[in-house]
Amino acid sequence: MKLRLVLVATIAFCSIGFQRMNAQETGKDTAIKGFRAEFLAQLVDDEKKLVDLAEAIPQEKYSWRPAEGVRSISEVYVHVAGANYMFPTMMGVKAPEGMGRDAEKTMTDKKKIVE
C-alpha cells in the first residue's frame, strides 16, 4: 500500500515538473496555483539551499564524517541526489551515468557532486 502511494505521488510530482518544463519551452503561461505552486516553490528553495551549502563547503572537507560508520559529507550529498532518481527509475527512466548503487562510495569530487 505504501509503495502504491509513493508511486502515485511520484507520478503526480513528475507530471507537475513536465508541465512546468513544457510551459517554459513553449513560452505559454500556464501558471500553477495553490498547493502545487507552494510545493514547487518550496522544492526550488530547498534545492537552491542544498546546492549553495554544497558549494560553500571546501573540497577537503567532503571526506569528513562525524563518526565511524556515519556517511561522509560527500556520501550525504550523493545519497540525496541518488534518492531523486530512485522512483523515476522504477518507471523506466534511466539515472545519469555514475549514479548507481555504489555512487556514494565512488563519487567524491565536489565539482561532480554539485553538478
Side-chain angles (χ1 to χ4, degrees):
M1 183 65 167
K2 287 183 182 180
L3 181 58
R4 287 183 192 165
L5 179 61
V6 170
L7 287 175
V8 168
T10 302
I11 291 169
F13 176 73
C14 289
S15 68
I16 292 169
F18 292 136
Q19 287 174 355
R20 192 172 182 96
M21 287 186 331
N22 187 39
Q24 290 173 348
E25 289 174 3
T26 61
K28 294 180 182 174
D29 182 21
T30 56
I32 299 173
K33 296 178 173 79
F35 171 77
R36 291 184 345 176
E38 291 175 21
F39 179 83
L40 289 173
Q42 184 65 50
L43 179 65
V44 168
D45 185 53
D46 291 345
E47 288 173 347
K48 182 182 180 327
K49 287 176 182 175
L50 192 62
V51 170
D52 288 349
L53 182 60
E55 290 173 338
I57 298 171
Q59 170 68 47
E60 59 272 7
K61 298 289 185 181
Y62 267 58
S63 61
W64 179 82
R65 63 183 75 239
E68 185 66 33
V70 178
R71 286 185 173 106
S72 68
I73 290 175
S74 66
E75 290 170 342
V76 169
Y77 282 116
V78 174
H79 179 79
V80 170
N84 289 334
Y85 294 109
M86 185 179 80
F87 293 119
T89 57
M90 291 179 186
M91 295 179 284
V93 176
K94 289 188 177 185
E97 190 170 322
M99 287 303 297
R101 292 192 183 273
D102 62 337
E104 283 184 31
K105 301 296 181 195
T106 60
M107 194 181 299
T108 58
D109 181 49
K110 174 183 174 176
K111 184 177 178 184
K112 185 154 178 92
I113 291 170
V114 170
E115 181 184 307

(Q) Please tell me whether M99 and L50 are part of a single hydrophobic cluster in this structure, the criterion being side-chain heavy atoms less than 4.5 Å apart. (A) yes

Q) V51 and L43: same hydrophobic cluster, using ILVMFWY side-chain contacts below 4.5 Å? A)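 Looking at the clustering, L43 is in a separate group from V51.
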
Q. Residues two or more places apart in sequence or in another chain: which of them pass side-chain contact (heavy atoms from CB on, under 4.5 Å) with Q42?
A.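 Partners of Q42 under the side-chain contact (heavy atoms from CB on, under 4.5 Å) test: D45, D46.
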
Table please: side-chain donor-acceptor pairs of residues 79-89 below 3.5 Å, with sequence neighbours left out.
residue : atom : partner : partner atom : Å
H79     : ND1  : R71     : NH2          : 3.2
H79     : ND1  : E104    : OE2          : 2.7
T89     : OG1  : Y85     : O            : 3.2
T89     : OG1  : M86     : O            : 2.5

(Q) Strictly by salt bridge (Lys or Arg N to Asp or Glu O under 4.0 Å), give each pair with a member in residues 106-115 just once, sequence neighbours left out. (A)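 Passing the test, one end in residues 106-115: no pairs.
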
Q: Can you tell me which residue pairs pass the salt bridge (Lys or Arg N to Asp or Glu O under 4.0 Å) test with a partner in residues 73-94, sequence neighbours excluded?
A: R65-E75, E75-K105

Q: State which residues pass salt bridge (Lys or Arg N to Asp or Glu O under 4.0 Å) with D102; sequence neighbours excluded, sorted by chain then number.
A: none

Q.
Quick test of your reading: applying side chain to side chain donor-acceptor pair (under 3.5 Å), list the pairs with at least one residue in residues 54-64, sequence neighbours left out, ordered by first then second residue.
A.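 The answer is none; no pair qualifies.
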
